[in-house]
A.B. asks: 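Starting off with a structure, shown below.
Here the structure is a predicted model, which means the values were calculated and not measured. Every chain is numbered from 1 and lettered A, B, ... according to where its sequence line falls, protein lines coming before strand lines.
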Amino acid sequence: MLRLFGIEKRFGSTVALRGVTLELGRGEVHALIGENGAGKTTLMNVLAGAVRPDAGAMELEGQPYLPQTPREARQRGIALIHQELSLCPHLTVAENILLGNEPQRFGWLDREAARRKAFEVLRDFGHPEIDPARRVADLSLAARQVVEICRAIAARAKIILMDEPTSSLQRDDVERLFALIRHLRARDQVSFIYISHFLEEVRAIATRYTVLRDGASVASGEISTVTDEYLIAKMVGRAIEDLYPRRKRAPGAPLLAVRELCAPPLLKRASFEVRAGEIFGIAGLIGSGRTKLVRTLFGLEPARSGALIFQTQRLVVRGATPALRLRQSFGYLSEDRKGEGLALPLSIADNITLTRFESCARLGWLDRTRQQAQARSWMDKLGIRARSPAQAVGTLSGGNQQKVALARLLHQGARVLLLDEPTRGIDIGSKLKVYETIAECAARGCAVLLISSYLPELFGMCDRLAVMCRGVLSAARPIEEWTPEEVMRIAISGKRNEDAGAKGVD
Amino acid sequence: MEERDEISVVASEEALTRVSGPSWVRLWLGRVGPFLGLIFVLLVFTLLSADPAQYLSPRNLRIVAAQTVIIAVGAIGMTLIIVSGGIDLSVGSAIALTGVVTALGLRAGWAPSVAVLAGVLAGGLIGVINGLVITRLRVIPFIATLGMLGAARGIAKWLAAQQTVNVPETWVNELAVTFPARRWMFFAPGVWLALALAAIVAAILRNSVWGRRVFALGSNEAAARACGIDVENLKTSVYGLAGLFFGLAGVMQMSRLRQGDPTVAVGTELDVIAAVVIGGASLSGGEGSILGSMVGALIMALLRNGCQQMGWPNYVQEIIIGAIIVLAAVVDRLRHVRRLAET
Amino acid sequence: MEERDEISVVASEEALTRVSGPSWVRLWLGRVGPFLGLIFVLLVFTLLSADPAQYLSPRNLRIVAAQTVIIAVGAIGMTLIIVSGGIDLSVGSAIALTGVVTALGLRAGWAPSVAVLAGVLAGGLIGVINGLVITRLRVIPFIATLGMLGAARGIAKWLAAQQTVNVPETWVNELAVTFPARRWMFFAPGVWLALALAAIVAAILRNSVWGRRVFALGSNEAAARACGIDVENLKTSVYGLAGLFFGLAGVMQMSRLRQGDPTVAVGTELDVIAAVVIGGASLSGGEGSILGSMVGALIMALLRNGCQQMGWPNYVQEIIIGAIIVLAAVVDRLRHVRRLAET
Amino acid sequence: LVLALVAFGCGRSGRATKSYRVAVIPKGTSHEFWKSIHAGALKAARELSGEGVQVTVDWKGPLREDDREQQIQVVENFISQGVDGIVLAPLDDRALVRPVEEARRAGIPTVIIDSALASEAIVSFVATDNFKGGELAAERLGSLLQGKGKVLLLRYQEGSASTHEREEGFIKRLKERYPAIELISSDQYAGPTRDTAKRAAENLLNRYGEQIQGIFCPNESSTAGMLLALQDIGKAGHVFFVGFDATESLIEALRNKQLHGLVVQNPFNMGYLGVRTMVRYLRGEPVEKRIDTGVMLITLENLSTAEAQALLHPPLDEYLR
Ligand SMILES: Nc1ncnc2c1ncn2[C@@H]1O[C@H](COP(=O)(O)OP(=O)(O)OP(=O)(O)O)[C@@H](O)[C@H]1O
Ligand SMILES: Nc1ncnc2c1ncn2[C@@H]1O[C@H](COP(=O)(O)OP(=O)(O)OP(=O)(O)O)[C@@H](O)[C@H]1O
Ligand SMILES: [Mg+2]
Ligand SMILES: [Mg+2]
């Protein structure tokens with residue numbers, strides 16, 4: 001029902017799209033895959049009317065289609081789920097979900113109907129616990145992601161574009177999403193374009209696929225007929241053997257020890273220690289308090305009690321500030337790159353060196369050439385796709401932004417790395433690079449704390465693993481002693497004997 | 001981070017129930033929330049004043065009311081604009097221009113109602129022009145309205161031939177009078193009108209689809225646009241509607257001066273914006289309430305009035321007002337107990 | 001996609017070169033980018049003027065320079081603040097206060113240099129106080145500086161005993177004179193000083209660690225904090241440093257009037273902010289350049305001067321100036337063609 | 001501070017019986033002109049106290065100088081404080097009518113000083129004859145120029161009644177007495193402050209500087225601004241320049257021949273008579289509706305005369321301390 005021929009789009013001197021051709025059938029789920037910066041998001045923006053293509057033609061149900069505004073796209077029945085969350089924090093969940101087509105009586109908002117509609121959508125998605133009357137600003141990242149999805153669904157669109165909808169979703173939520181997609185296909189023949197960097201997801205839900213590379217569609221067809229290797233090769237341009245650099249590390253003395261850390265209400269109790277040269281993983285459900293844990297460790301949120309021992313000396317816990325932690329050689333990678341991670345209008349170079357200007361400054365004056373050189377080396381190391389280190393980070397693709405944030409952390413050269421969802425939105429090819437660099441850090445004797453909602457990643461990378469559940473951290477065990485099933489069991493187990501009311505959190 | 005921390009604290013029921021201070025304090029704070037600053041100011045002066053009775057006398061009350069009304073009406077419009085994430089610096093000039101228009105109308109012998117209507121509509125027109133410049137020419141509100149600040153002022157002087165325009169006796173002059181002829185009214189008709197309008201707009205902003213979209217616009221323009229809201233026209237409508245209120249403010253100013261004065265209300269924009277911001281609105285949009293703005297306007301007027309009641313020389317007055325504006329804001333913070341909790 | 005669009009005007013060298021359209025246009029735009037508005041204004045008046053020669057004469061140039069300098073020096077400070085994501089409404093009052101301080105010093109027979117220093121430091125003090133109120137009491141800049149606007153003005157009147165303070169003949173009076181005694185200087189010493197300072201601050205803002213941190217602060221405070229930047233002190237330092245410049249502006253104002261006038265420079269804050277914003281800074285922080293702000297200040301002065309040269313009545317001037325401010329902004333948009341290209 | 005203020009407040013409230021509280025409201029507070037009025041008012045109060053009539057003077061100007069709305073608020077607030085009488089220098093001849101009439105309705109009489117109020121509700125009008133002032137300036141300039149040449153008028157501000165009269169007086173007399181003199185610019189306004197005046201002057205002079213031989217400015221700030229501009233371009237003393245009102249710097253300029261005439265009013269007397277008239281009225285004595293406080297043209301020649309000195313140096317310190 002939707003056809004694209006030779007779509008092209010350039011941003012100044014970057015060519016984001018060069019001739020994309022794509023066909024989408026009614027009731028079909030079409031996977032769109034490609035490296036970071038391949039042009040997926042841009043293509044979605046073109047379809048959603050947010051960006052106007054420089055060349056090419058589009059056809060929707062036979063008629064030519066060239067939306068001038070998102071409004072027009074909506075009217076033609078196309079809804080987009082953004083890669084970067086775009087909700088109105090001041091409004092309630094219901095208002096966000098129904099924004100643009102609110103139920104009304106002579107211009108007056110029909111709150112009851114709104115509440116009901118929103119609730120129905122949320123329920124279909126299996127999240128009845130999210131209160132439609134809650135301000136979005138009060139929700140967790142994950143919950144916001146859910147709302148974002150529900151909004152697109154509530155639009156009753158004929159075509160729904162999903163740009164990495166699962167980047168911050170839990171496994172069971174992913175299942176729910178798939179169920180929903182199948183339901184919508186079956187019931188009213190809705191078509192989907194589904195972007196993801198997880199091939200197993202793609203296989204699970206999509207029927208056909210298109211691979212983008214450097215803004216051009218390089219392959220397309222029935223997904224069941226091709227192998228992952230083939231797809232990866234098409235995306236990256238080369239084959240990738242083992243994703244996780246499993247090499248023997250010899251963890252040394254404990255570098256960081258946390259005792260009874262407590263920052264209510266989200267973080268109730270956490271005790272663990274990380275040795276030098278060790279990668280310590282923390283699994284857990286969305287909203288379980290993992291982010292809270294690292295934010296507290298890094299002095300971004302006040303702790304109530306607990307002890308923190310670095311090497312041998314005791315560090316202040318209450319009233320710690322990021323500035324202090326930085327001096328104590330801690331490093332933190334936020335799960336929310338846009339909100340707390342990057343200075344979008346600034347250049348890549350500035351962002352990467354922000355935490356350690358000393359490395360390229362003399363007497364408080366920056367040495368531009370050195371700064372650029374350093375930035376460039378990181379760009380190569382992590383495969384950040386950009387014209388130059390002077391490009392504004394805000395103009396990078398989602399995944400590349402994530403890499404910049406990571407690069408900054410690595411450049412800082414901290415002894416203790418706190419990584420919260422480090423590979424969110426990063427493509428397979430680059431993941432390899434990222435994993436390698438993290439492993440190197442560990443090898444160099446850093447203590448790495450790795451939070452991830454993607455179990456294979458944890459199992460692939462970690463030496464030891466602990467599970468967070470409703471603000472309580474389980475005992476840590478060597479990775480060999482864990483099985484994915486057991487991790488999930490412990491992660492969820494708390495839920496059973498807790499009162500359902502508290503679920504509203506995530 | 002402000003944002004997120006605030007969030008992280010309320011992110012669970014525990015948080016909501018966990019607020020510093022005993023529960024009755026919380027209850028009380030919740031109730032009087034927006035009025036804290038107001039109460040604070042009133043208290044200060046009642047305590048300082050030589051004879052509080054006189055300061056709190058109905059007569060003085062009416063004077064304060066009459067002096068607030070112009071800022072208040074302006075603040076209604078400004079609230080709309082600020083909630084939508086915009087700003088309007090041309091208020092003062094708009095007031096002058098619309099006042100002159102009304103006065104010219106009256107002098108030309110139009111029916112008072114017609115002249116008043118003309119004034120209000122003139123305000124709306126200015127607003128729409130602002131809106132179009134912002135949305136069509138894509139000039140940021142600050143600059144667009146700064147330009148209008150100059151232009152409208154100039155046009156006012158031009159229309160008025162650089163003179164003040166005197167008007168015949170009509171009921172318009174009674175609109176914003178301090179002591180209304182009909183004693184039973186107690187307040188001037190203008191004050192009642194302002195109250196009524198405030199109530200209506202508050203309702204619209206809170207419960208109408210349009211109102212919610214204005215909030216959405218201010219809260220996250222990109223999102224609003226992505227949801228197929230016609231951002232351009234919405235903005236224009238906001239500035240237009242606000243303009244109508246500035247027009248009304250101009251009419252009242254004219255009624256207070258009994259003349260159209262092209263040089264009046266210089267710098268009023270700051271007072272109006274201050275009223276709105278003191279009322280708890282955020283200049284980055286998405287936050288703000290009419291009630292708050294009205295309280296803000298009242299605070300400003302009470303300050304001026306109070307200081308003079310004390311008979312302080314002007315410079316003391318200016319210092320005190322400056323200080324109290326800040327204090328009021330600080331006190332207002334108490335409302336967001338969470339913020340403090342996490343300091 | 002506003003989100004993305006905004007980014008196109010960035011604090012990185014890239015910004016200027018990222019323009020679509022044929023390459024020579026891009027090149028040209030890149031070069032004259034910030035000057036487009038300026039060129040535009042100059043063109044308009046040269047074409048309109050009866051004898052352009054006279055309008056572009058070095059003599060008139062010097063008059064413009066002398067009239068710009070105060071706004072320009074203020075704009076240097078304001079650029080720092082706006083880039084850091086803040087705003088300062090107290091500029092006008094600060095200018096008055098520091099001017100009075102200097103004048104009092106001179107009258108009290110201090111060495112001119114000492115008096116001048118006192119004035120500048122007074123400005124710094126005001127700035128630091130603003131900074132502390134904002135960071136420690138967590139009052140938003142708009143309100144904090146609005147309070148200071150009143151307070152500083154009051155203090156100025158108080159110190160000056162509500163009088164203008166006349167000063168003895170010293171070299172200070174020559175600081176901002178239109179036609180310097182030493183003809184070889186061509187411009188008044190103050191103008192040269194302003195240029196030098198502008199250059200220095202521009203360098204600091206671009207290439208110093210402190211400067212980059214200010215940009216980071218302005219473009220994402222949360223991120224800045226998470227990167228271990230001591231946001232509170234950084235902010236305070238920004239307001240403090242800016243204050244020094246406002247102090248200097250005050251000294252120059254004093255020198256221009258040969259007296260400390262506590263009622264001078266009312267509303268100057270708007271001119272200064274306008275200059276900075278016309279210069280391409282974004283009120284939401286993270287964007288802006290000293291060069292741009294200087295050009296912005298120049299544009300404003302040229303407008304005023306040009307209109308008066310035309311001998312138009314004041315109201316025409318105000319209208320024209322209003323219109324041209326907007327037009328200048330529109331023309332300036334050409335610099336960011338991408339913005340238009342999208343959405 | 002607060003304590004001090006409390007004391008302040010109480011101090012005022014503790015009033016003796018058989019005493020009048022008179023509010024004196026100027027247009028602004030920071031110009032010397034208004035200082036003199038204040039001093040005059042206090043002089044009157046002191047004398048009256050001497051005669052056994054307790055009179056307290058409340059001195060209060062609009063917060064923002066030259067802002068009508070603000071002045072109205074000041075009047076209203078005094079009404080609500082229930083003063084016995086108001087002496088007012090209205091910023092506008094119409095805008096202040098309503099509050100003044102409301103004052104009368106509240107039983108508070110008003111004496112108008114300095115510039116007119118278009119209302120019958122007033123006790124008396126005590127002021128300079130501004131029109132005459134303008135005429136004096138025209139005479140002076142005309143005679144200096146021997147009846148020919150080009151003259152420039154820098155007006156004060158839109159809608160300011162008293163200065164408008166001066167400007168009109170100047171123009172009218174110039175036209176009928178010295179038809180040969182050409183008025184090449186009379187539509188530029190100096191604006192409220194010295195600074196705005198100086199800018200306007202600079203740009204004007206840059207345009208007409210070569211042609212003109214004479215200049216008139218209708219008040220202190222515009223005169224001062226023009227003088228500064230002239231000094232800057234080194235033309236001060238090379239054009240005949242007549243100004244209005246006096247300050248040290250202006251008198252200084254008069255001495256070294258950069259100014260060739262100053263039309264000076266008698267603000268001290270204005271304040272004095274204002275309060276006097278008010279009290280006389282309050283005590284039921286007859287008062288005349290119009291009281292002229294006189295203007296005088298001061299030049300280098302008559303500068304040292306006692307009369308001039310008395311005008312130029314009212315005993316401010318004696319009363320304002
Ligand atoms: N506003 C912009 N200005 C300049 N360049 C841009 C802009 N938006 C995108 N680009 C560039 O276009 C290219 C494609 O970006 P896009 O976001 O489409 O990649 P993507 O496929 O979504 O990558 P990811 O998987 O990381 O999201 C990138 O190189 C990016 O730098
Ligand atoms: N930076 C933050 N700002 C505001 N609220 C937060 C923040 N981090 C967490 N929360 C809140 O704390 C709750 C605990 O979630 P948290 O993020 O700490 O755990 P998590 O396991 O990391 O979940 P997620 O995967 O969503 O980060 C969330 O439901 C959210 O409401
Ligand atoms: Mg993307
Ligand atoms: Mg997390």
A.B. asks: Using side-chain heavy atoms (C-beta onward) and a distance below 4.5 Å, is B:L270 in contact with C:L270?
C.D. replies: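 Contact flag for B:L270/C:L270 side chains = no.
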A.B. asks: Which value, rounded to the nearest 0.5 Å, describes the distance between B:L283 atom CG and C:S284 atom OG?
C.D. replies: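 Separation between the atoms: 12.0 Å.
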A.B. asks: Could you go through the side-chain contact (heavy atoms from CB on, under 4.5 Å) check for B:F142 and C:I273 one step at a time?
C.D. replies: CA-CA 9 Å; B:F142 187 92; C:I273 297 176; 3.2 Å; yes
A.B. asks: In chain order, what residues pass the side chain to side chain donor-acceptor pair (under 3.5 Å) check against C:T145, with sequence neighbours excluded?
C.D. replies: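 Side chain to side chain donor-acceptor pair (under 3.5 Å) list for C:T145, sorted by chain: empty.
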A.B. asks: Can you tell which part of C:I155 gets under 4.5 Å to a heavy atom of chain B, answering side chain, backbone, both or neither?
C.D. replies: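 C:I155 touches chain B through backbone and side-chain heavy atoms alike.
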A.B. asks: What part of B:I143 gets within 4.5 angstrom of chain C, counting heavy atoms only: side chain, backbone, both, or neither?
C.D. replies: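 Answer is both: backbone and side chain atoms of B:I143 are under 4.5 Å from chain C.
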A.B. asks: What distance do B:L146 atom CG and C:M300 atom CE have between them, rounded to the nearest 0.5 Å?
C.D. replies: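 So the gap between those two atoms works out to 6.0 Å.
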A.B. asks: When only pairs under 4.5 Å are counted, which of B:G150, B:G154, B:A156 shares the most heavy-atom pairs with chain C?
C.D. replies: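 So the answer, after comparing B:G150, B:G154, B:A156, is B:G154.
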A.B. asks: Quick one: which of C:A151, C:A226, C:A152 has the most heavy-atom pairs under 4.5 Å with chain B, could you say?
C.D. replies: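 Heavy-atom pairs under 4.5 Å are most numerous for C:A151.
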A.B. asks: Is any residue of residues 83-97 of chain B within less than 4.5 Å of chain C by heavy atoms, and which ones?
C.D. replies: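 At a heavy-atom separation under 4.5 Å, chain C is reached by B:L89.
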A.B. asks: Quick one: list whatever passes side chain to side chain contact (heavy atoms under 4.5 Å, CB included) with B:V133, sequence neighbours left out.
C.D. replies: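 By the side chain to side chain contact (heavy atoms under 4.5 Å, CB included) rule, B:V133 matches B:I129, B:L137, B:V139, B:A144, C:V326.
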A.B. asks: Check each atom of C:I321 against the heavy atoms of chain B and say whether the ones under 4.5 Å are side chain, backbone, both or neither.
C.D. replies: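 Neither; nothing under 4.5 Å.
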A.B. asks: What heavy-atom pair brings C:Q162 and B:P313 nearest, and what distance separates the two atoms?
C.D. replies: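 Shortest heavy-atom separation between C:Q162 and B:P313 comes out as NE2-CB, 4.3 Å.
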A.B. asks: Sequence neighbours left out, what pairs pass salt bridge (charged side-chain N to carboxylate O under 4.0 Å, His left out) with at least one residue falling in residues 262-284 of chain B?
C.D. replies: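 Sorted pair list: B:D271-B:R304, B:D271-D:R64.
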